[in-house]
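This is the structure I want to talk about, given as structure tokens.
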There are 2 protein chains.
Amino acid sequence: MSQKKATTAKRSTYRHGDLARALLDAGIDLARAGGPQAVTLREATRRAGVVPNAAYRHYASRDALLQAVRSAALAALAVAIEGQLARLPATDDPAVLARASLRAVGTGYVKFACAEPGLFRTAFSVPDQLQGAAVPEKAGNTGLNPFQLLGAALDRFVDAGLLPRQRRLGAEYLAWSAVHGLSMLIIDGPLRGLGSNQRKLVLQNLLDMVERGLSEPARSLPNQAPASAENLPPDPGRGTV
Amino acid sequence: MSQKKATTAKRSTYRHGDLARALLDAGIDLARAGGPQAVTLREATRRAGVVPNAAYRHYASRDALLQAVRSAALAALAVAIEGQLARLPATDDPAVLARASLRAVGTGYVKFACAEPGLFRTAFSVPDQLQGAAVPEKAGNTGLNPFQLLGAALDRFVDAGLLPRQRRLGAEYLAWSAVHGLSMLIIDGPLRGLGSNQRKLVLQNLLDMVERGLSEPARSLPNQAPASAENLPPDPGRGTV
DNA sequence: CTTATATGTGTACGCCATCCACAAGCACGA
DNA sequence: TCGTGCTTGTGGATGGCGTACACATATAAG
């Protein structure tokens, strides 16, 4: 009767069952509570009821474990966004749908950052070697990572004729930057400690402005050349290597 | 003939001269090269030619030293922005000046992030206790921190009538978020390794969109209530406590 | 049943932050 | 002038961390 407790508790068997998973779970808990810095090999193994070195049979280094936690955190973010997308009101108007989608992505993003700052920080923490995959191929229930979810929302803008196709990639940068930057401002920066009502206000306001940013340049912009060149370079969000 | 070498080298005097400054300098160098993680008490004291514990006479903890480095990094960012603002073309048109100011701030911001990723990361790294001052009172040559410089640019928008006054604070969030988010995308995220020409394109495009975001809502937005409420909460950038 | 392989253990090293007691320089009053 | 005491640097120690190496044990393969 070999018990197979994957997580926690001092097992009596020499073999653990699924130490890799147990370590990952412990790492996720640590990241939730204390961000990437708190994810430590020794503490994770301690929680798994195992000696520190055992971890090296499953992860090449502390950073390898942390990378796994990063991926999990990113997946959790994707799930949060998907959850927000799921409650979109049914509509036939593609323009309404597009706007609602973008707002859902932004709302899910910021909500997650506020609800799980440790995981959020971990998801975007810098790996020891900057080489590894920047973004995992798939994540979340739909198999899309957060950037792909945002991209899908912008595709709806294009389809609805609200966004010129050649401006799509730049729009993705704007939307991502704005929402990500706002999240950071709220959890670390000067907007820390905002009430959730105030957060909602700020977020709605930001999303309004992003939408305006996506729209056609109003003819009330007399200055400068007719918008800088639009041949924007690489496509993000498809992972690396 | 007591020599007063503030930095580096093994002094022959028992007293150091200005160890606090030497440690700070060493810490800045470390942050430049390796980000906040590389700022270590032992290495800093080693470079100052002093025993590790000597640091505690000047900084209460490693995080205290790091906090000093953070402030210095933020000041360096402010200086970079000011440098960009200094080369604004002379003009009488307040609208042109406002737009140019915003672009200068954004450009200086992103340029600094690209040129000094270690310092940039350090400037926005999370302190051990989130309590301390989020943003120092003053920094840079003009005594303004980066957020105040951005605020000044937006004030010019308001003065030029390009931005409704009640939308100013929200605009600050948008602009800051967008520029900060883009910087992170470039130095850590999926836009890493972009050539400087491509970076310029992306940045210009982003700034175009931000400007559009600031402008009056085009009447081509049929949906939703006439923009969410505008009573946005706290004023950032004035430090904490 | 033997043997190989996968997985957990033990011991050890070096790096780190930090605490304590001590010593050396300097500053200032008797 | 000579202490006396404060400031600042030193020495030694503790405990946590990542990690490398040799070893033990449980399971799988023959």
Side-chain angles (χ1 to χ4, degrees), chain A residues 1-24 26-27 30-31 33-69 125-129, chain B residues 1-24 26-27 30-31 33-69 125-129:
Chain A
M1 44 177 70
S2 60
Q3 68 249 45
K4 275 204 170 188
K5 330 192 57 177
T7 52
T8 57
K10 323 210 152 205
R11 80 220 178 275
S12 52
T13 54
Y14 185 84
R15 294 299 231 254
H16 181 283
D18 192 353
L19 184 54
R21 181 68 214 177
L23 290 175
L24 178 56
L30 290 170
Q37 285 212 328
V39 179
T40 182
L41 268 191
R42 289 184 115 99
E43 181 59 27
T45 52
R46 213 172 288 138
R47 295 192 177 196
V50 109
V51 94
N53 281 332
Y56 287 90
R57 300 295 178 191
H58 304 274
Y59 298 94
S61 67
R62 176 215 124 125
D63 199 57
L65 171 60
L66 186 52
Q67 183 55 50
V69 177
S125 63
V126 187
D128 280 358
Q129 315 95 320
Chain B
M1 45 180 75
S2 60
Q3 68 248 45
K4 276 205 169 187
K5 330 190 57 177
T7 53
T8 58
K10 323 210 153 202
R11 83 235 113 87
S12 52
T13 53
Y14 185 84
R15 295 298 232 253
H16 181 282
D18 193 353
L19 184 53
R21 181 69 213 177
L23 290 175
L24 178 56
L30 290 170
Q37 285 213 330
V39 179
T40 181
L41 268 190
R42 289 186 112 95
E43 180 59 27
T45 53
R46 212 172 289 137
R47 296 192 178 196
V50 112
V51 94
N53 281 334
Y56 288 91
R57 299 295 178 192
H58 304 274
Y59 298 95
S61 67
R62 178 217 127 133
D63 199 57
L65 171 60
L66 187 52
Q67 183 55 51
V69 176
S125 62
V126 187
D128 281 358
Q129 315 94 321

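Convention: sequence-line order gives letters A, B, ...; per-chain numbering from 1.
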Between Arg57(B) and Glu43(A), who's closer to the 5' end of DNA chain D by nearest nucleotide? Arg57(B)
Separation of dT10(D) P from His58(B) NE2 (nearest whole Å): 10 Å
Could you tell me how far apart Tyr59(A) (OH) and dT7(C) (P) are, to the nearest whole angstrom? 13 Å
Residues in side-chain hydrogen bond (donor to acceptor under 3.5 Å, both in side chains) with Arg46(B), at least two apart? Glu43(B)
Once you round it to whole Å, what is the distance between C1' of dC17(D) and CG of Leu65(A)? 14 Å
Gln37(A) atom CD is separated from dC17(D) atom C1', nearest whole Å, by 12 Å
Closest listed nucleotide, where the reference is the side chain of Leu19(A) and the choices are dC16(C), dG9(D), dG8(C): dG8(C)
Name every donor-acceptor pair, under 3.5 Å, that has one atom in a side chain of residues 35-42 of chain B and the other anywhere in the protein, sequence neighbours excluded.
none

Could you state the atom-to-atom distance from NE2 of His16(B) to C1' of dT10(D) in whole Å? 15 Å
Let me spell it out: for each of Val39(B) and Pro52(A), pick the nucleotide of DNA chain C with the closest heavy atom. Which residue's pick is nearer the 5' end? Pro52(A)
5'-most contact on DNA chain C (nearest-nucleotide basis), Ala55(A) vs Asp63(B), goes to Ala55(A)
Closer than 4.0 Å, any side-chain N/O of Thr40(B) to the OP1 or OP2 of dC15(C)? no
Which pairs, with at least one residue in residues 51-65 of chain A and sequence neighbours excluded, count as a side-chain hydrogen bond (donor to acceptor under 3.5 Å, both in side chains)? Asp63(A)-Arg70(A)
When you compare the side chain of Thr45(B) with that of Leu23(B), does any pair of heavy atoms fall below 4.5 Å? yes
Minimum heavy-atom distance Ala48(A)-Leu19(A), with the two atoms named: CB-CD1, 3.8 Å
Looking at every non-hydrogen atom in both residues, tell me the closest pair between Ala44(A) and Leu65(A) and how far apart they are. CB-CD2, 4.2 Å
Could you check how far CZ of Arg46(A) sits from P of dT9(C), rounded to whole Å? 14 Å
Expected rows: protein N/O vs nucleotides 12-14 of chain C N/O, under 3.5 Å:
none

Gap between atoms OH and P, on Tyr56(B) and dT18(C) respectively (whole Å): 4 Å
What is the distance, to the nearest angstrom, from the CG atom on Leu41(B) to the P atom on dC19(C)? 11 Å
